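Quantities reported herein were computed from a predicted structural model and do not represent experimental measurements. Just so you know, residue 1 is the first one in the sequence shown, and it goes up from there. Worth knowing before you read on, the calculation uses all heavy atoms, side chains too, and leaves out hydrogens, waters and symmetry mates.
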Amino acid sequence: MMVKSKSFTLWFTMCICPLTFLMKGQSFDIMGVFNYGGVWSMLTNPASSCDNLLKLDVAGTGINFSYLNNGLLLDLDLIRDGIPLNENVFFSRYVKVPSTLPEKLMIFSNYDILLPSLRYSITDKLSAGIFIRRRFFLNIDNLNKETVFLTITMLKSPDFWFEYKIENFHSSFTAYNEFGLNFSSVVFNLWQHFFKAGFNFKVIYGLGNLYAYSPLVHYHFSDSATLTFKADVHYGHSRNFSLREFNFIFNPSVAWDPSLPFVSGAAPALDLGIVYEFRPFYRDFLYEMDGNPNRLDETQTKYLLKASLSLLDLGSITFTRGIFSGRFLSNIENWDIKTIRWQSIEDFDDTLRAKTTLEQEFGKYIIKLPATIVFSLDIKPLKSHDLYLNYTGFFPFMRTEEPFQIHSLLKHVISIRGDWRGSGIIIPLVYYPWAKTLKPGIGFHAGPFWLYFSPITLPALSSFVNTAEIQGGFSIPIYSRKPPDRDCLLYTSP
């Protein structure tokens with residue numbers, strides 16, 4: 001399969017090839033479910049840091065990658081082979097379009113790098129932590145299926161040679177650094193009912209942004225090379241991108257200007273979290289030490305049921321527009337698209353100037369962070385075994401008509417896990433309602449190493465998927481000490 005229409009290859013490449021920009025949606029969400037999650041759980045719910053089974057957790061590094069869309073299929077062999085430099089090879093070898101597509105396609109990709117971070121239990125009721133992350137997000141929203149079919153079929157099918165409409169289309173790529181400070185504390189302990197709360201205060205430095213959006217686009221092909229194009233389109237970038245050699249077609253070489261490492265300035269952001277634990281068997285974990293007969297054993301999981309709620313990524317980044325940012329109004333009739341040059345942004349910009357009314361845009365613009373509500377319910381059905389059932393839901397603040405908003409996508413995760421000191425395994429089923437897709441996964445931690453991936457696919461069935469998530473990393477855990485005297489257990493109610 002060969003793709004010759006470069007005008008629509010541009011749109012299509014932006015939609016399905018986030019790996020060309022970088023190599024998820026919140027970070028390290030599966031690993032954060034583990035009771036020995038340490039730093040990972042702190043990122044998903046800040047309150048998880050205190051009353052932790054780990055005295056100290058030093059995370060060396062971690063990665064979190066996700067690619068999610070509700071239609072197009074990519075071959076998992078891309079992980080092994082890497083992105084090919086030729087777009088014809090990519091489309092023919094690694095992309096599959098199902099026989100039916102939803103009316104509106106949504107694509108989300110993110111890639112997080114966790115740099116050296118740590119959390120520490122100051123007391124049995126108070127903890128603190130620091131973390132550093134570099135985060136990348138790609139969002140494509142409201143791309144209609146006809147545009148995809150036109151691209152894949154090389155515009156040869158007469159079925160597609162009439163007018164289509166795209167409404168509220170927008171795409172953006174954003175990169176930023178995140179420096180965070182965590183505090184978490186026990187709010188009150190009623191023995192059977194236990195509450196704790198925490199927050200992550202973060203300082204955000206934007207690394208760069210690219211965007212394009214249009215409230216309305218009409219296009220019409222009278223044949224495979226003649227286009228009538230009417231639109232009101234805004235496009236732009238942050239001022240630290242060196243765009244001279246940026247190739248819109250494939251393998252874009254985005255050069256960062258080293259004199260402008262952080263173009264947004266510092267911006268505050270916040271994560272909030274609360275946790276409730278139901279502990280009907282708390283007496284089994286009481287012991288006496290230093291004259292206090294009601295000390296709780298910090299080395300054991302004490303709850304039968306745990307409910308947690310967190311609100312993540314409250315904040316925004318302010319960027320300054322670069323020189324190639326603008327808006328154009330087009331009313332083009334019978335445009336011969338074979339004459340278009342697509343070797344650089346300058347070529348693209350010059351072509352638009354010749355064919356449209358173009359206005360350069362200046363000043364600052366605000367990108368909203370991917371604010372998300374995360375709710376989790378964890379159940380330990382067997383008192384004497386470290387077996388857990390978990391539900392976690394991710395509910396993003398998402399408005400598909402909002403062009404300057406990073407957003408993750410709605411998903412529900414039901415999992416079963418074994419969670420032991422030094423090791424653990426989790427088997428989740430992940431449901432994406434917007435894609436009507438249910439995917440199995442598997443994750444584990446063994447000593448300092450963590451790994452999770454989804455979906456689990458059998459090569460004999462198919463290696464093509466529309467969702468892919470990978471999380472991994474390593475950390476150095478130092479566990480909470482066992483009580484020095486286990487012979488003085490008290491079973492009287494405090």
Side-chain angles (χ1 to χ4, degrees), residues 11-12 14-19 24-27 29-30 44 64-74 76 95-112 136-149 165-174 212-215 310-313 368-376 391-415 428-441 452-457 462 464-471:
W11 292 69
F12 193 66
M14 289 180 65
C15 293
I16 69 169
C17 305
L19 294 178
K24 131 210 139 296
Q26 296 299 323
S27 302
D29 43 38
I30 300 299
T44 304
N64 175 34
F65 166 75
S66 66
Y67 171 79
L68 313 171
N69 81 85
N70 60 341
L72 301 172
L73 302 177
L74 293 184
L76 288 176
V95 177
K96 180 184 291 186
V97 179
S99 57
T100 60
L101 280 176
E103 292 296 324
K104 299 291 184 181
L105 269 73
M106 298 173 60
I107 295 94
F108 168 79
S109 178
N110 87 296
Y111 179 47
D112 285 9
F136 305 85
F137 291 89
L138 178 72
N139 285 115
I140 306 289
D141 292 314
N142 297 326
L143 182 70
N144 68 353
K145 64 180 181 180
E146 288 82 7
T147 302
V148 178
F149 278 127
K165 180 188 297 184
I166 302 175
E167 295 180 306
N168 294 319
F169 169 82
H170 55 88
S171 64
S172 68
F173 167 74
T174 307
Y213 70 92
S214 176
S310 56
L311 183 55
L312 305 179
D313 290 317
K368 298 178 182 178
L369 297 182
T372 305
I373 294 175
V374 181
F375 173 74
S376 179
Y391 162 79
T392 303
F394 297 84
F395 305 91
F397 289 84
M398 185 181 73
R399 298 177 59 201
T400 56
E401 68 275 10
E402 171 60 61
F404 294 122
Q405 178 187 7
I406 307 169
H407 66 78
S408 55
L409 296 174
L410 175 66
K411 69 177 180 180
H412 304 281
V413 184
I414 298 176
S415 63
L429 284 175
V430 186
Y431 178 61
Y432 306 95
W434 45 272
K436 299 179 181 179
T437 300
L438 182 67
K439 299 289 186 180
Y452 166 76
F453 60 91
S454 173
I456 303 171
T457 60
S462 175
F464 284 87
V465 298
N466 66 330
T467 65
E469 296 190 65
I470 301 172
Q471 300 172 26

(Q) Working to the nearest 0.5 angstrom, can you tell me the gap between S310 OG and F375 CZ? (A) 10.5 Å
Q.
Please give me the minimum heavy-atom distance between F65 and S109, naming the atom from each residue.
A. CE1-OG, 3.8 Å
Q) Would you call N168 and Y213 a side-chain contact if the rule is heavy atoms closer than 4.5 Å? A) no
Q. side-chain contact (heavy atoms from CB on, under 4.5 Å) with T392: which of V374, V430, I414?
A. V374
(Q) So does L369 get a backbone contact from the side chain of D313, meaning a donor-acceptor N/O pair under 3.5 Å? (A) no
(Q) Looking at every heavy atom in both F108 and N139, which two are closest together, and how far apart are they? (A) CD1-ND2, 3.3 Å
Q. Out of curiosity, Y452 OH to I470 CD1, how far, rounded to the nearest 0.5 Å?
A. 10.5 Å
Q) Between G441 and S454, what is the shortest heavy-atom contact and its length? A) CA-CB, 3.9 Å
Q. Can you tell me how far the CG atom of D141 sits from the OG atom of S172, to the nearest 0.5 Å?
A. 8.0 Å
Q) What distance do L429 atom CG and L438 atom CG have between them, rounded to the nearest 0.5 Å? A) 5.0 Å
Q: Evaluate side-chain contact (heavy atoms from CB on, under 4.5 Å) for V413 paired with F394, printing each intermediate quantity in order.
A: CA-CA 9 Å; V413 184; F394 297 84; 4.2 Å; yes
**Q.** Donor-acceptor contact below 3.5 Å, side chain T174 vs main chain F137
**A.** no
Q.
So, applying side chain to side chain donor-acceptor pair (under 3.5 Å) with H412, which one of Y431, Y391, Y432 is it?
A. Y391
Q: Using atom types as modelled and distance alone, determine if a side-chain donor or acceptor of W434 lies under 3.5 Å from a backbone N or O of L410.
A: yes
**Q.** Side chain proximity check, L68 to M106, heavy atoms < 4.5 angstrom
**A.** no
Q) OG1 of T467 to CG of N70: how many Å apart, nearest 0.5 Å? A) 11.5 Å
Q. Going from CG on N142 to CZ on F169, what distance comes out if it is rounded to the nearest 0.5 angstrom?
A. 9.0 Å
Q | Nearest non-hydrogen partners of F397 and T372, listed with the distance | A | CD1-N, 4.0 Å
Q. Which atom names give the shortest non-hydrogen contact between P370 and H407, and what distance separates them?
A. CB-CA, 4.1 Å
